Amino acid sequence: MSTIETPRRKAAWAAVDLVVLLYALVPVVWIVSLSLKTDGTLNDGNFFPRAITWDAYDQIFNNDDFLRALLNSIGICLISTFVALILGTMAAYAIARLDFPGKRSIVGISLLIAMFPQIALVTPLFRIETAIGIFDTWLGLIIPYITFALPLAIYTLSAFFREIPWELEKAAKMDGATPFQAFRKVIAPLALPGVFTTAILVFISCWNDFLFAISLTSSSNARTVPAALSYFTGATTFEKPTAAIAAGAVVITIPIILFVLFFQRRIVAGLTSGAVKG
Amino acid sequence: MAEIVLDNVVKRYPDGALAVDHLNLEIADGEFIILVGPSGCGKSTTLNMVAGLEDITSGELRIDGKVVNDKAPKDRDIAMVFQSYALYPHMTVYENMAFPLTLAGTDKDTIRQKVGDAAEMLELTQHLERRPANLSGGQRQRVAMGRAIVRQPKAFLMDEPLSNLDAKLRVQMRTQVSRIQKKLGTTTLYVTHDQTEAMTLGDRVVVMRGGIVQQVGSPAFLYDHPANLFVAGFIGSPSMNFVPATLDGGTLHSPLGDLPLPDEHRRAVESGAKGREVIVGLRPEHFEDAALVNDPSRGATVDVTIDLVESMGSDVFAYFTVDAQLGGSGGLDELARDTGAEMGVGGVQVTARLEPTSRVSAGQPARLWVDTSKIQVFDPKSGDNLTARVG
Ligand SMILES: Nc1ncnc2c1ncn2[C@@H]1O[C@H](COP(=O)(O)OP(=O)(O)O)[C@@H](O)[C@H]1O
Ligand SMILES: [Mg+2]
């Protein structure tokens, strides 16, 4: 592999990056564009709107169901992420640090859960939740979200934890640290990037869920935004509220962007390099 | 400053592996002790037990007369330099070196002063604000040393601290480690598998094999009076030559030729009846080109055919093969494994270190003189040196 950096090579990579970026951004720009178009110009074939209107945004922010769904989404996803991270961190720590019988099968089984087709669980979950009375509640969504977020969290976190040079813990002890000080001053700062990365991944996977959100809720009590969007109605039954749905999609992307930006600054790439060897 | 005593210390890992077996060692205050031995012989385990990072299965560890078996590392006041350096990657060099002092609650000015002094001694002053990732291997090694010395601990433990450096840097750092230790006068336990480091650094050297101490002594003593085949083969480079022989009164019949034993040696091996099988050990420098020896009758002369000659300028190394089998005698097979040498294939190879004026050449027969007063005679079964007390 050659790693020589010539201007030509740089230009070539810039071009490739640009293509990938465009490919990824076109649908996003399209949605933003749709949300800003007036009703009449929705199908005029222009990628960029000629006249910009904020009507769609007015409409959704005056819609109590949407606001309530936004609140549900934020609350349910934050709680699920938090709990999954706590449990996942403990499990991943054990997997990365300790040798115990059945370690491999734990990782294997947790991956199996992630691969299980969620649609097959919808009916049983619906029956269980109605039977025990958590159908259409936050808890009714938080539980399956944690279930499916945990394998992801355990797998990602244990990969990160394995990379931590654990000899540093010994070094800290020799330098006079108590076990807790060794954890707080040496191990935790090195583990945090992994925890934040996992937090982002888990949060996004909960935030984007539609299947459980639509099948385990029946009112705005616990309905999250992806499900609420599908209940949007237009002015008449025959009119699709395209602009409003697009506006809703734009709005629910914003928390994710904020979430990523907030945590990304704490992810310093290659933080663990330089600890060991020469 | 401290005196460290290991009293019948045993380490058995939970999986049943016996890593250290009844180790006894008294380290005097200010002494520089080297633990040396092939990989897996229990050196790191011993060091970690002194550090408090591993439990002691049985026996006692005393520091300054107090039993510390159950004390946490932080209560033993011992600093350690790790083979991997184990620097904190999220801290600058300054913060790394200040870390032990910060934990001890030292005030800021004292910390600045002490870290500054250590950085100066280690030539790290202009790197204090950098992070470990941006340092060279040698600089990282010095930071690790700095972190150990800032808090003036009772003792230093070093686990192969130089083994990740390239050869040239290793020699430089070796002298620096030695200088620092002399200057600070701190009791030091230093682990290495490199016999050169052991010979050049330590006041005393402890040779270990399979968790058992083979011999303890000054480098010169181990070199001249190895207790057994293992120590004899491990200490010295190029290593001692071993040739099987039969003892017959005052003469050793060996494939090299007949070697008469000096009186003192003869008395030492007296117990051996006629016809006893032994292994003869001869260091390379105890050979000489017979043409260059004034009084060859003082030793013995042997005729061999030289395979290869390496002229180093100051010395000539001549290699030749004698037709013999060494078998798996006490410790020799393990040494061979450690150096990657093949045992008993096509005879025994012998190295002779000759004067640079020697005229021996490859493929030619040569007459070599052997200084028989330096001969070591070993028991092939136990590996014990029968002549250990001679001279
Ligand atoms: N954590 C451990 N569990 C079980 N056996 C171990 C452990 N650490 C070391 N050993 C064994 O103990 C012996 C001594 O190891 P070590 O002290 O690391 O050797 P050295 O440092 O001399 O190379 C080896 O045989 C090794 O396999
Ligand atoms: Mg070791």
Side-chain angles (χ1 to χ4, degrees), chain A residues 3 89 93-94 96-104 157 159-198 263-278, chain B residues 14-15 47-48 51-54 72-91 93 95-106 130-141 143-144 147-148 150-151 153 156-157 159 162-166 169-170:
Chain A
T3 50
T89 305
Y93 180 88
R97 285 301 305 282
L98 309 174
D99 247 331
F100 52 89
K103 177 165 135 176
R104 277 168 168 276
L157 282 169
F160 270 102
F161 285 178
R162 261 195 289 270
E163 293 303 309
I164 295 180
W166 291 99
E167 201 166 33
L168 296 182
E169 201 178 50
K170 289 191 195 167
K173 281 188 194 164
M174 291 310 297
D175 283 343
T178 60
F180 181 68
Q181 279 173 324
F183 174 77
R184 194 169 62 85
K185 301 199 171 198
V186 175
I187 297 305
L190 297 178
L192 277 188
V195 174
F196 286 137
T197 308
T198 312
F263 281 127
Q264 203 178 30
R265 281 197 292 162
R266 282 158 179 75
I267 302 171
V268 184
L271 194 63
T272 55
S273 72
V276 295
K277 285 226 188 138
Chain B
D15 64 0
L47 206 67
N48 288 338
L53 296 172
E54 287 285 357
K74 75 180 185 66
D75 301 323
R76 296 188 188 191
D77 193 16
I78 288 176
M80 185 153 170
V81 178
F82 292 81
Q83 180 176 5
S84 66
Y85 314 146
L87 302 179
Y88 308 123
H90 57 298
M91 300 184 194
V93 170
E95 289 165 338
N96 262 284
M97 303 216 302
F99 190 64
L101 299 173
T102 319
L103 288 174
T106 317
R130 299 171 73 188
R131 284 183 197 273
N134 305 325
L135 298 178
S136 73
Q139 289 164 342
R140 287 179 199 178
Q141 210 285 328
V143 177
R147 192 173 60 185
V150 280
R151 56 180 245 240
F156 294 138
L157 306 178
D159 194 349
L162 308 182
S163 64
N164 281 328
L165 301 177
D166 60 52
L169 208 51
R170 191 158 20 180

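Letters go in sequence order (proteins before strands), and every chain restarts at 1. All values derive from a computational prediction rather than experimental measurement.
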*Could you grab the distance from atom CD1 of A:I187 to atom CD of A:Q181, nearest 0.5 Å is fine?*
13.5 Å

_Which atoms of B:A51 approach chain A - backbone, side chain, both or neither, heavy atom under 4.5 Å_ = both

*Please look at B:L53 and chain A and tell me whether the side chain, the backbone, both or neither of the residue comes under 4.5 angstrom of a heavy atom of that chain.*
side chain

*If you tally heavy-atom pairs under 4.5 Å against chain A, which of B:A144, B:A79, B:P73, B:S163 wins?*
B:P73

*Let me see the working for B:N164 and B:Q141 under side chain to side chain contact (heavy atoms under 4.5 Å, CB included), right down to the final yes or no.*
CA-CA 9 Å; B:N164 281 328; B:Q141 210 285 328; over 6 Å; no

_With a 6.0 Å cut-off on the ring centroids, do B:F82 and A:W166 count as close?_
no

*May I ask you to check whether B:Y88 and A:D175 show a side-chain donor-acceptor distance below 3.5 Å?*
yes

*chain A contact via B:R151 - which portion, at a heavy-atom distance below 4.5 Å*: side chain

